[in-house]
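I have placed the structure first, in the form of structure tokens, so that the comments after it can refer back to it.
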Amino acid sequence: QVQLVESGGGSVQAGGSLRVSCVVSGGAFSSYAMGWFRQAPGKEREFVGGINWSGGTKRYADSVKGRFTISRDNAKNTVYLQMDSLKPEDTAVYYCATQREMSIRTTMSQYTYWGQGTQVTVSS
């Protein structure tokens, strides 16, 4: 069974940076694309970005493009979300997910395996 565990969330002031990590166990991580999603209070979960199996292809939501960077370390079974120039509207619970496929998917329904989420709070 594939398990995903996020860490690294926290509180930061606007303009600051945070990096969240997601460790994957129980599967062939190096063969999987990974996605990051977020859910703010009262809102639907939304796609933040994704990275393909090799790290050679990345996709980002327009709202985070140029500020967030996704990377992966296949030797550590870990995917990262580096968040810079954070804004109060980035406040949300951040989730990593995988569908155990090589290509990036961008909608919630396309993912089967999810982490428990990590809270990111950005104050103004």
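Values in this document were obtained by computation on a predicted structure and should not be read as measured data.
Under the side-chain hydrogen bond (donor to acceptor under 3.5 Å, both in side chains) criterion, Thr57 pairs with no residue, sequence neighbours left out. Not counting sequence neighbours, the partners of Phe47 by the ring-ring contact (aromatic ring centres under 6.0 Å, His included) test are Phe37. Residues forming a side chain to side chain contact (heavy atoms under 4.5 Å, CB included) with Ser85 (at least two apart in sequence, or on another chain): Arg67. Residues passing the side-chain hydrogen bond (donor to acceptor under 3.5 Å, both in side chains) test with Thr112 are Gln99, sequence neighbours excluded. Taking Glu89 as the reference, nothing meets the side-chain hydrogen bond (donor to acceptor under 3.5 Å, both in side chains) condition, with sequence neighbours excluded. With sequence neighbours excluded, the residues forming a salt bridge (charged side-chain N to carboxylate O under 4.0 Å, His left out) with Lys65 are Asp62, listed by chain and number. Partners of Arg105 under the salt bridge (charged side-chain N to carboxylate O under 4.0 Å, His left out) rule, at least two apart in sequence or in another chain, are Glu101. In this view, Gln3 and Ser25 satisfy the side chain to side chain contact (heavy atoms under 4.5 Å, CB included) rule, not counting sequence neighbours.
Hydrophobic cluster membership differs between Tyr32 and Met108, with clusters built from Ile, Leu, Val, Met, Phe, Trp and Tyr side chains linked at under 4.5 angstrom. In the hydrophobic clustering of this structure, Ile70 does not group with Val23; members are Ile, Leu, Val, Met, Phe, Trp, Tyr whose side-chain heavy atoms approach within less than 4.5 Å, directly or through other members.
Legend: disulfide bond (SG atoms under 2.5 Å apart) pairs involving residues 31-78, not counting sequence neighbours: none detected.
Atom CG of Asn52 is separated from atom NZ of Lys58 by 9.5 Å, given to the nearest 0.5 angstrom.
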Using residues 91-98 as the side-chain source, report each donor-acceptor pair under 3.5 Å to any protein atom, sequence neighbours left out, with the distance given to one decimal.
| residue | atom | partner | partner atom | Å |
| --- | --- | --- | --- | --- |
| Thr91 | OG1 | Pro88 | O | 2.9 |
| Thr91 | OG1 | Val122 | N | 2.9 |
| Thr91 | OG1 | Val122 | O | 3.3 |
| Tyr94 | OH | Arg38 | NH1 | 3.0 |
| Tyr94 | OH | Asp90 | O | 2.6 |
| Thr98 | OG1 | Ala33 | O | 2.9 |
| Thr98 | OG1 | Arg100 | N | 3.1 |

N/O donor-acceptor pairs under 3.5 Å from side chains in residues 13-22, not counting sequence neighbours:
| residue | atom | partner | partner atom | Å |
| --- | --- | --- | --- | --- |
| Ser17 | OG | Asp84 | OD1 | 2.7 |

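Although no hydrogens or angles enter the test, the distance criterion places no donor-acceptor pair under 3.5 Å between the side chain of Ser109 and the main chain of Thr107. With hydrogens and angles disregarded, a donor-acceptor distance shorter than 3.5 Å links the side chain of Glu6 to the backbone of Gln116. Under a 3.5 Å cut-off, the side chain of Thr121 and the backbone N or O of Ser11 do not form any donor-acceptor pair.
Here Tyr80 is tied to no hydrophobic group at all, with no ILVMFWY side chain closer than 4.5 Å.
Here the side chains of Met83 and Val64 are not in contact, with every heavy-atom distance at 4.5 Å or above. The closest side-chain heavy-atom distance from Phe29 to Asn74 is below 4.5 Å. The closest side-chain heavy-atom distance from Val24 to Tyr113 is not below 4.5 Å. Between Trp114 and Arg45, the closest side-chain pair of non-hydrogen atoms falls below 4.5 Å. The side-chain heavy atoms of Arg72 and Met34, taken from C-beta on, include a pair separated by under 4.5 Å.
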Would you please test Phe68 and Leu81 for side-chain contact (heavy atoms from CB on, under 4.5 Å) and show each step? CA-CA 7 Å; Phe68 289 12; Leu81 178 65; 4.2 Å; yes

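Here the closest non-hydrogen pair linking Tyr111 and Thr106 is CE1-N, 4.4 Å.
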